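The model shown is predicted, which means the values in this text are computed figures rather than measured ones. Along the sequence shown, the residues carry numbers beginning at 1.
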Amino acid sequence: MVTIYDIAAQANVSAMTVSRVINNTGKISDKTRSKVKKVMDELGYVPNQMARSLVLQQTRILFLLITDIMNPFYTTLARGAEDAARKNGYRLLFGNSDESVEKEGEYINTILTTRVDGALLAPAGDPSHPHLEQLRKHGVPFVLLDREVPGIACDIVLGDSRDGARRLVEYLVEQGHRHIALVNGSASISSARLRLAGFQEAMKLSDLTFDERYVHETSFGPELDMDAMAQWVASMDPLPTAIMAGNNVLAVMIIKLLRARGLRIPEDISIVCFDDFGLYSEMDPFITVAAQQAYQFGYLGMQLLIDRIGERETPEKTVWKKVVLPPELIVRRSVKRLDE
């Protein structure tokens, strides 16, 4: 194994000079730096990252924890996060909680044991509070994405879930719909609560009756109960003319159930949802959506995290940053206009 002493001997410099080149510290002439790097390349030297992190108190590694790797919103978000990390000289580790608080806890332990410099997280929900407090207790900087957790003060990037849901309902009303249902995520998730609030607000402003029988709560991700959703659809009498889905995964599942019953979209029932479908929407745009700026979620969240890592403020002086990104209403062909 090549050591810094081998490099120092061949470059005719001190081991301390080699160390400073590797860690980019101290004052060294460009000529000497180039000479040392050339010898490192010739000898095929690979820095000992663990030793380097102990010296610098940094690993230059960050962690991204999302809730559903299959959801195009999160895959696009991850792309933005990685781009921002690499631009700033960081590498990115990755975890997927599947909307599970238990699985999230396992990844929190991984974050702590790998000594990453910081973490960017989409929490599973309100029960994530102890996990986030654990990170704070151990001095790991973190930024939240998409979801707030009561009692946790930190930097955060959110979408305007309330406004997006309200606009989806308003669009349905403009198209003549008066009987609208909602399938949504768990009430333990802040974004789901806000989407329900936006739905209720738009119904009230449109003088429409809010009936809890036409609202179904399930999981936003892979743990959703399809049997319970099917029973809910079967129980609605009369069937609504339109359904709003709290995210794109729920939209796909509800469409699958409706088609299994022989219902056509939008001829028999209209569908709208929160979140777009990434690259899939470019192939055959179909569902009307409130599209979030997924890439910006990841990119801005990562930039906030890196900025926070670079600061040396005391907790008493910390001013937390909250970025709220507005969604875009994209009208497609999943909504039928009803006669007045």
Side-chain angles (χ1 to χ4, degrees), residues 67-75 96 98-100 161 164-165 168-169 171-173 175-189 191-192 195-196 198-199 202-203 208-292 329-339:
T67 61
D68 184 4
I69 191 174
M70 298 297 289
N71 188 327
F73 169 75
Y74 284 114
T75 54
N96 171 55
D98 282 326
E99 300 281 0
S100 165
S161 288
L168 285 171
V169 175
Y171 174 72
L172 289 172
V173 173
Q175 301 307 304
H177 294 271
R178 297 293 181 270
H179 199 186
I180 306 169
L182 170 67
V183 56
N184 199 22
S186 169
S188 67
I189 298 173
S191 57
R195 289 167 198 180
L196 173 60
F199 179 89
M203 294 285 283
L208 300 180
T209 301
F210 175 77
D211 188 337
E212 291 186 355
R213 294 175 301 170
Y214 287 82
V215 176
H216 180 67
E217 180 184 318
T218 183
S219 169
F220 267 147
E223 299 301 318
L224 65 89
D225 189 333
M226 287 291 288
D227 289 337
M229 191 185 297
Q231 292 174 14
W232 171 67
V233 171
S235 71
M236 288 190 287
D237 186 21
L239 199 66
T241 61
I243 298 177
M244 172 186 149
N247 79 347
N248 46 18
V249 174
L250 293 178
V252 171
M253 294 301 102
I254 198 70
I255 289 173
K256 181 178 179 180
L257 287 174
L258 294 171
R259 285 177 172 170
R261 296 185 51 160
L263 296 171
R264 301 164 300 163
I265 299 161
E267 291 84 359
D268 300 317
I269 189 167
S270 296
I271 297 290
V272 297
C273 80
F274 221 98
D275 291 336
D276 207 355
F277 295 83
L279 294 177
Y280 299 108
S281 62
E282 296 180 7
M283 297 175 62
D284 181 21
F286 170 63
I287 303 177
T288 292
V289 300
Q292 299 198 88
L329 180 65
I330 301 177
V331 175
R332 299 192 179 115
R333 53 187 174 86
S334 64
V335 176
K336 177 182 178 180
R337 180 168 181 82
L338 303 182
D339 293 334

Closest non-hydrogen contact found for Met244 with Ala165 is CE-CB, 3.5 Å
State, without any angle test, whether Asn184 and Glu217 hold a side-chain donor-acceptor pair at a distance under 3.5 Å.
-> no
Can you find a pair of side-chain heavy atoms, one from Phe277 and one from Ile287, that are under 4.5 Å apart?
-> yes
So do the side chains of Met229 and Leu250 get within less than 4.5 Å of each other, counting heavy atoms only?
-> yes
Nearest 0.5 Å, what's the CG-CG distance between Asp276 and Asn247?
-> 12.0 Å
Could you state the interatomic distance from OG1 (Thr75) to CG (Asn96), rounded to the nearest 0.5 Å?
-> 11.0 Å
Under a 4.5 Å cut-off applied to non-hydrogen side-chain atoms, are Ser270 and Gln175 in contact?
-> no
Walk me through it: do Phe274 and Ser191 pass the test side-chain contact (heavy atoms from CB on, under 4.5 Å)?
-> CA-CA 11 Å; Phe274 221 98; Ser191 57; over 6 Å; no
Tightest non-hydrogen contact, residues Ser186 and Ser188, listed as OG-OG, 2.8 Å
Would you say Trp232 and Ile254 make side-chain contact, with heavy atoms under 4.5 Å?
-> yes
Hey, what do you get for CG (Leu258) to CD1 (Ile269), rounding to the nearest 0.5 Å?
-> 5.0 Å
Which of these passes side chain to side chain contact (heavy atoms under 4.5 Å, CB included) with Glu99: Leu224, Ile189, Val249, Asn71?
-> Ile189
To the nearest 0.5 Å, tell me how far Ile255 CD1 sits from Ser334 OG.
-> 7.0 Å
Is Val215 close to Phe210 at the side-chain level, that is, under 4.5 Å between some pair of heavy atoms?
-> yes
Rounded to the nearest 0.5 Å, what's the gap from OH on Tyr74 to CG on Asp68? Could you check?
-> 8.0 Å
So His177 and Tyr171, side-chain contact (heavy atoms from CB on, under 4.5 Å) or not? Walk me through it.
-> CA-CA 9 Å; His177 294 271; Tyr171 174 72; over 6 Å; no
Would a 4.5 Å heavy-atom cut-off, applied to side chains only, mark Val173 and Ile180 as touching?
-> yes
Do you know the tightest heavy-atom contact between Met236 and Ala181?
-> SD-CB, 3.9 Å
Using the ring of each side chain (for Trp, its six-membered ring), is His179 parallel, tilted or perpendicular to Tyr214, with breaks at 30° and 60°?
-> tilted
Beyond-backbone contact of Asn248 with Val289, side-chain heavy atoms, under 4.5 angstrom = no
With a 4.5 Å heavy-atom cut-off, do Val183 and Met253 have their side chains touching?
-> no
Minimum heavy-atom distance Lys256-Met226, with the two atoms named | CD-CE, 4.4 Å
Just do the side-chain contact (heavy atoms from CB on, under 4.5 Å) check on Leu239 and Asp268 with the steps written out, would you?
-> CA-CA 10 Å; Leu239 199 66; Asp268 300 317; over 6 Å; no
Straight-line distance of Thr288 OG1 to Leu329 CG, nearest 0.5 Å | 7.0 Å
Should we count CD of Glu267 as having more than 12 external heavy atoms under 6.0 Å?
-> yes
